[in-house]
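Here is the structure we will look at.
Every chain is numbered from 1, with letters handed out A, B, ... down the list of sequences. This one's a predicted model, so the numbers in the text were calculated from it and none came from an experiment.
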Amino acid sequence: MDLLLQHVINAVSLGGTYALLSLGLAIVFSIIGLINFAHGELMTAAGYTIFFMLAAGVSLPLAIVFAIVAVAILAMGIERVAFRPMRKADMTGLLITSFAMSMILQAFFQNAIGARPRAVAMPEALSGVVNLGSVHLGIIPLMSISITVVALVALNLFLKHTVMGITMRAAAEDIDVVRLLGLKAGRVVATSFAVSGVLAATAAFLWVAQRGSVDPLMGFVPVLKAFVATIVGGLGSLTGAVAGGMLLGIVEVLAQVVLPPSMVEFRDAFVLGFVILLLLVRPQGLLPAPTGRRS
Amino acid sequence: MAEAAPLKGEKPEIGRQAAAGEGLAAPRSLERARTFRDAAALAALVLAGAGLVYFLLPGGPRIATMFLIYLTAVLSLSIYSGNSGITSFGHAAFLGLGAYVSAILTMQPAVQASALPHLPEFLKGWALTYWPALVAVIGAGVVVGLVTGAPLSRLNGGAAAISTLALLIIVHVILVGARDFTRGSQTFYGVPRLTTPVVVAVVAIAAVFVARWFRDSATGVKLRATRDNEVAAEALGIKASRVRYGGWILSVVVGMAAGSLYGHFLGAFSPKDFYFSFTYLLVAMLIVGGFFSVTGAVVGTALIFAVVQILRQAEGQSSFLGLFPLPPLFGLTEVGLGLALMLTIWRRPLGLAGLSELSLPWGASRLAPARTRSVAPAAAPGTAGDRLEISGLSCRFGGLKAVDDVSFSVRPGEILGLIGPNGAGKTTLVNLICGQIAGQAGAVVLNGKTVSGLHPAARADAGLARTFQNIRLFERMTVLENITAAALLRTGSLGAAREKAIALASEFNLLDIADRIAGTLPYGSRRRLEIARALATEPKYLLLDEPAAGMNPAETEALTEEIKAIRDRYGLGLIVIEHDIPLIMRVSDRIVVINRGAKIAEGDPATVRNDPAVIEAYIGSRNSH
């Protein structure tokens, strides 16, 4: 029983991190049709910011806030430099551009900081365990779930109740109409990158807290997974991204638990095989984004 | 518009074809010979380049060999991605599979026993030479292609690209996990170095020919049609999943052959050699050179390969020209590739080579219509009861009834006008009839055969063709290829399809621009091309969705005559959807009016014009306020 509960907590906590990342991807995609591979490097940048802040003796909450702000600015900078000139490119072109950006940033981290992983000194308190009767629950997974919930609620409030949020939702359906209405499309795009940066930095903190180190390639694998989750949920659909992220987390933990030990190393193959099968049944994903296109 | 005096008219008209047949030629084999000659020219260029490097550069043999291996790999990627438009991130993995299969089959028994002690019996001790091993690799490639392509070919766009990425990871995980066969993530050593200059040259040149041949083959033309516009391709009878499957299998086979070359060149490798950075390199080569042509694949491979060689040198340098020391640099290659990619996408999105293949000058008469015979099916009279019967079609979007229980029918040789105010549901109705969307109720019966419920391609095969309100051409193919892709529905032979396409192009006054890329045509030609293309499928019934949209009065006038001429010449039933009421009144034998999804009137033009319900729908009721 308590084992089951632990698995559930792990699944939700992992799924929550994926959900934050895939939301960041989805929010940018919904507006300019870009699947941003460099999202992983935003995560890495946040990881390094937290590492350096902690090393400089800054308290953890302040380090997180600083990382969030820094990465939001970095995301807007990348948009300005790499993606704004490419507005005319198609979806594949944008995807490849972001792939290139990702490689360039990885090379930058390797040269500027070094290829070796750096251990991040997380406060002692985080490594503890909460005891509820016979059940032992790690603080990190619990914190991870609460932070995910807070981030999702905050994003929801932002999108529903602020002018910029509502404009962004309109832009997701048709950015040209937003332009015609005289709203500043450029600012909408920049904001979407900033929001994706905030989400990436939040996810980076959860990831680093779980693993205790940063390295130049840190963001690559989780964002790859988030990328898969976005597609599973339905490209450009925000609810779909959250659902896809959660589902992927659950399937991964489930595969870990259910597969016989000799097969565990094939886990990712099974998970991705499942994704391909799912796409066969629902090529547009689980909860596709609404579009108003005519034939 | 008498056909007896076809040269008098100044306007483009469709009676011209009879007079345009002075030149013979364009026998079928000529086209194939042309492809072959162009492929040979490209291959000669590749050989010459590699040969120069081989003999002139220090370390030339090694560099030339690597170039040809990369070229084979990029060509395999080009066969699928270039023709289908779906970027594959999975090809590096197939190269890996090819390398491992070939390596296991060619290893010396003693080495094999120490490196792979747990190898299953049936794989032990073959110690083949390269060519027999290549045959086995090709066989394995067919199997891998069949298995992976089965799900993949049914997907398109983003879902397909992500699935290839998933395949890359899946194959990688399997290679790492299958320790008995691959030594897992450890280095796989003792692979005989069988990639001699002759071997690599033969395989690479063969790959150039295969890629070039495939691009201009029947499947290749259809695959490119689905790449440029899948909806239109399916409406013309092309089953997208089938042609994608074919392209994928061939591509995987060539990829695995490239992998076998690479494995025997390296001599020792591990699964990570066939993972993301390799994928990145291959994709960069194809995109920079030009995604859409074999020539582009060659150009891109050569250029990026040269850049990478130079950057790798620089990465190894410990000082700048021996003057001052440099810190060791990581990933200079990746940065260089990244910049090259971004520059390409920014400045030349079609890549350096663009859309066209390297082609040698060729005799001018090749586009003369083969014979003067009409393309029209010899006016097959059909049986008396033939007709396209639409009954009770309904379609709801949420709570909106876009089409509500609409029934009518068309006979061969009849022109039915379908009109209605904006948003009446006309286009939805066409989409329902031709299968682009599925409705909730009703049937479409074509000459006694129920076609509703069938795939759009199957409906085209049954004899339905259509044009689209916002023209859907295969924008990155030539005018002639556009028509040929459609003509392939009725003939398996590419030569016959091209002959028919040439005749149709001539009939629709498109022959002069037959080699132009469709995306560059002016509006009027685009409309004519779309109609010519639809006719190439030899339809029994043709639906024209707003053919006069955006035309001026003179063009509309010409169109009226063209529509009638099509009916007379081909004896088919036409449904014309239009906003232009005068056009509809002049051209139609009968008119169906729909409003808010429902049929409100049907009859000959005069009756419909005076029908109160129709007047109300268009102008509004006098009593309503």
Side-chain angles (χ1 to χ4, degrees), chain A residues 29 33 35 81-82 85-86 88-111 114-115 216 220-221 224-225 227-228 230-232 235-236 262-280 282-285 294-295, chain B residues 81 85-87 89 148 150-152 154-163 165-167 169-174 176-178 184 231 276-277 280 283-284 287 291 327-335 337-342 344-346 349 427-428 430-431 436-437 468-470 472 545:
Chain A
F29 181 87
I35 301 172
V81 175
M86 310 277 186
K88 278 179 288 175
D90 63 359
M91 188 175 135
T92 314
L94 287 171
L95 174 74
I96 306 279
T97 305
S98 74
F99 207 66
M101 198 65 222
S102 157
M103 290 290 173
I104 292 173
L105 286 171
Q106 279 179 17
F108 171 77
F109 291 132
Q110 285 179 346
N111 288 305
F220 194 70
V221 172
L224 205 61
K225 301 262 173 73
F227 180 29
V228 173
T230 325
I231 306 263
V232 169
L235 258 179
S262 62
M263 299 299 270
V264 164
E265 62 178 326
F266 294 105
R267 188 192 68 182
D268 285 353
F270 283 104
V271 172
L272 291 167
F274 167 77
V275 166
I276 295 180
L277 291 182
L278 188 89
L279 286 176
L280 274 181
R282 293 191 69 106
Q284 303 301 318
R294 298 189 67 174
S295 70
Chain B
S81 293
I86 299 164
T87 311
F89 298 99
T148 52
L152 192 67
R154 290 200 238 153
L155 298 171
N156 60 11
I162 181 71
S163 295
L165 192 66
L167 280 176
I169 302 171
I170 291 174
V171 173
H172 180 77
V173 168
I174 291 174
V176 171
V231 174
F276 275 98
S277 38
Y280 181 51
V283 170
I287 289 189
F291 205 75
L329 281 173
F330 296 98
L332 197 58
T333 321
E334 275 70 26
V335 175
L337 285 182
L339 293 177
L341 270 177
M342 286 166 72
T344 307
I345 292 165
W346 184 32
T427 294
T428 307
V430 177
N431 285 340
Q436 276 76 35
I437 56 176
F468 293 86
Q469 187 178 342
N470 30 16
R472 289 173 176 268
D545 196 354

Out of curiosity, [X] [atom1] to [Y] [atom2], how far, rounded to the nearest 0.5 Å?
{"X": "B:Leu165", "Y": "A:Ile35", "atom1": "CG", "atom2": "CD1", "value": "9.5 Å"}
{"X": "A:Asp268", "Y": "B:His172", "atom1": "CG", "atom2": "NE2", "value": "9.5 Å"}
{"X": "A:Met103", "Y": "B:Met342", "atom1": "CE", "atom2": "CE", "value": "13.5 Å"}

### Summary
Taking every heavy atom of A:Phe266 against every heavy atom of B:Val173, the minimum-distance pair comes out as CA-CG1, 3.7 Å
### Query
Considering all heavy atoms of both residues, which atom of B:Pro151 and which atom of A:Ile276 are nearest to each other, and what is their separation?
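That would be CB-CG2, 3.8 Å.
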What residue in [options] has the most heavy-atom pairs under 4.5 Å with chain A?
{"options": "B:Gly85, B:Ala166, B:Ala340, B:Ala284", "value": "B:Ala166"}
{"options": "B:Val176, B:Ile345, B:Val430", "value": "B:Ile345"}
{"options": "B:Ser277, B:Ser163, B:Pro349, B:Ala161", "value": "B:Ser163"}

Examine whether an atom of [X] lies under 4.5 Å from a heavy atom of chain B, and if so say whether it belongs to the side chain, the backbone or both; otherwise answer neither.
{"X": "A:Val275", "value": "neither"}
{"X": "A:Leu277", "value": "neither"}
{"X": "A:Leu280", "value": "both"}

### Query
Run the side chain to side chain contact (heavy atoms under 4.5 Å, CB included) check on B:Phe89 and A:Leu95 step by step: do they pass?
CA-CA 12 Å; B:Phe89 298 99; A:Leu95 174 74; 3.5 Å; yes
### Summary
Sorted by chain and residue number, the ring pair (Phe, Tyr, Trp, His ring centres under 6.0 Å) partners of B:Phe276 (sequence neighbours excluded) come out as A:Phe220
### Query
Who pairs with A:Phe109 by ring pair (Phe, Tyr, Trp, His ring centres under 6.0 Å), at least two apart in sequence or on another chain?
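Listed in chain order: A:Tyr48.
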### Summary
Most contact-rich option vs chain B, by heavy-atom pairs under 4.5 angstrom, among A:Ala107, A:Ala100, A:Gly285, is A:Ala100
### Query
Out of A:Val232, A:Leu279, A:Leu94, A:Leu105, which one racks up the most heavy-atom pairs below 4.5 Å with chain B?
A:Leu279
Heavy-atom distance under 4.5 Å to chain A: side chain of [X], backbone, both or neither?
{"X": "B:Leu337", "result": "neither"}
{"X": "B:Leu339", "result": "both"}
{"X": "B:Ala160", "result": "neither"}
{"X": "B:Ile287", "result": "side chain"}
{"X": "B:Tyr280", "result": "both"}
{"X": "B:Val231", "result": "neither"}

### Query
When you look at A:Ile96 and B:Val283, which way does the side chain to side chain contact (heavy atoms under 4.5 Å, CB included) test go after all the steps?
CA-CA 9 Å; A:Ile96 306 279; B:Val283 170; 3.6 Å; yes
